[in-house]
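Everything numeric in this text was worked out from a predicted model, so none of it was measured. Residue numbers run from 1 in the order of the sequence given.
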Amino acid sequence: MSVAFVPDWLRGKAEVNQETIQRLLEENDQLIRCIVEYQNKGRGNEYQHVLHRNLIYLATIADASPTSTSKAME
């Protein structure tokens, strides 16, 4: 199960740290490989929605991080 799937009662309480982000990036790498493999075989695949959810979650974290944009602008 994706690390981005969090039960409602835990949402907003988990600490986002480098380890969590790294695990998501590694999971995304595996998902992309699996998606490509399924596409090469001409099969539909159910993993695209998981990849999409992970990417949206990572984008939300990046948008909420004021240090990354202020350092990039300098």
Side-chain angles (χ1 to χ4, degrees):
M1 179 185 290
S2 174
V3 294
F5 293 111
V6 178
D8 288 336
W9 59 276
L10 279 178
R11 290 187 186 205
K13 297 179 181 169
E15 182 179 325
V16 177
N17 55 33
Q18 189 64 33
E19 181 183 334
T20 302
I21 293 170
Q22 185 61 42
R23 284 190 346 203
L24 275 170
L25 292 172
E26 290 170 1
E27 180 178 353
N28 288 350
D29 178 63
Q30 290 298 315
L31 286 168
I32 290 168
R33 292 172 193 272
C34 185
I35 289 167
V36 168
E37 182 178 330
Y38 273 87
Q39 287 177 342
N40 288 339
K41 293 179 179 180
R43 296 169 54 188
N45 108 50
E46 62 278 1
Y47 298 109
Q48 288 178 347
H49 73 282
V50 178
L51 176 62
H52 180 260
R53 185 181 300 220
N54 286 356
L55 292 172
I56 295 298
Y57 181 72
L58 288 169
T60 303
I61 292 169
D63 287 346
S65 175
T67 57
S68 62
T69 51
S70 64
K71 287 182 181 177
M73 299 294 277
E74 292 177 355

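Annotation: the span from Asn28 atom CG to His52 atom NE2 amounts to 11.5 Å, rounded to 0.5 Å. With values rounded to the nearest 0.5 angstrom, Ile35 atom CD1 is found 12.0 Å from Asn40 atom CG. Of the inter-residue distances, the one linking Leu58 atom CG with Thr20 atom OG1 reads 10.5 Å to the nearest 0.5 angstrom. Note: Gln18 CD to Leu25 CG = 8.0 Å, rounded to the nearest 0.5 Å. The CG atom of Leu24 sits 12.5 Å away from atom CG of Asp29, with the distance rounded to the nearest 0.5 Å. If you take OH on Tyr47 and CD on Gln30, they are separated by 11.5 Å, rounding to the nearest 0.5 Å.
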Next item on the list: Evaluate salt bridge (Lys or Arg N to Asp or Glu O under 4.0 Å) for Arg33 paired with Glu37, printing each intermediate quantity in order.
Entry: CA-CA 6 Å; Arg33 292 172 193 272; Glu37 182 178 330; over 6 Å; no
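Within the 4.5 Å cutoff, the side chain of Gln22 has heavy atoms near those of the Glu26 side chain.
Remark: Arg23 does not engage Glu27 in a salt bridge, criterion side-chain N to carboxylate O under 4.0 Å.
Tracing side-chain contacts under 4.5 Å through hydrophobic residues (I, L, V, M, F, W, Y), one reaches Leu55 starting from Tyr38; they form part of the same cluster.
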